[in-house]
Enquirer: 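Please see the structure below; I have some questions.
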Amino acid sequence: MIDSALEIRELREPDGDGETRYEVYDSDTGTPLGVFDSYEDAQYEVESMKRSNHETWSKEKDADPGPE
C-alpha cells in the first residue's frame, strides 16, 4: 500500500437526509478499506495503516499483523 494513495472520502445518502460517513479508500488498488461514522475515526485508521507499513518496512514489529 502506498501512503499517498490512502484517501478519506465522504459518503452521503442519495436523498441527502442521512448522516455523512467516511470511507478510507486505497486509490492505488481501487479498494475500499473501511467505512467510519466520523472523520476522526477514518483519520485514525489511515494513520494506523501508515504506521503499520512503516514499521513493517523498517523490520520493526507490525502494529497491525495479518496473515502473511
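Positions are given from 1 along the sequence. This one's a predicted model, so the numbers in the text were calculated from it and none came from an experiment.
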Enquirer: At what distance, to the nearest 0.5 angstrom, does CE of Met49 lie from CG of Leu33?
Expert: 4.5 Å
Enquirer: Which heavy atom of Val24 sits nearest a heavy atom of Ala42, and at what distance?
Expert: CG2-O, 3.7 Å
Enquirer: Determine, step by step, whether Gln43 and Glu45 satisfy the side chain to side chain contact (heavy atoms under 4.5 Å, CB included) criterion, reporting the C-alpha distance in whole Å, the side-chain angles of both residues, the deciding distance to 0.1 Å, and the verdict.
Expert: CA-CA 5 Å; Gln43 184 63 38; Glu45 185 67 19; over 6 Å; no
Enquirer: With a 4.0 Å cut-off, would you call Glu23 and Arg21 a salt bridge?
Expert: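 The answer is no: the pair does not qualify as a salt bridge.
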Enquirer: Quick one: pull up OG1 in Thr20 and CZ in Arg12 and give me the separation to the nearest 0.5 Å.
Expert: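 Answer for the OG1-CZ pair, Thr20 versus Arg12, is 4.5 Å.
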Enquirer: Heavy-atom count around Glu19 CD within 6.0 Å, excluding the residue itself: above 12?
Expert: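 Open: at most 12 neighbouring heavy atoms sit under 6.0 Å from CD of Glu19.
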Enquirer: State, without any angle test, whether Glu7 and Ser27 hold a side-chain donor-acceptor pair at a distance under 3.5 Å.
Expert: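 Yes, Ser27 and Glu7 have a side-chain donor paired with an acceptor closer than 3.5 Å.
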Enquirer: Which pairs, with at least one residue in residues 23-44 and sequence neighbours excluded, count as a ring-ring contact (aromatic ring centres under 6.0 Å, His included)?
Expert: Tyr22-Tyr39
Enquirer: Using links of under 4.5 Å between side-chain heavy atoms of ILVMFWY residues, direct or through other members, which residues join Val35 in one cluster?
Expert: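 Its cluster mates, by chain and number, are Leu11.
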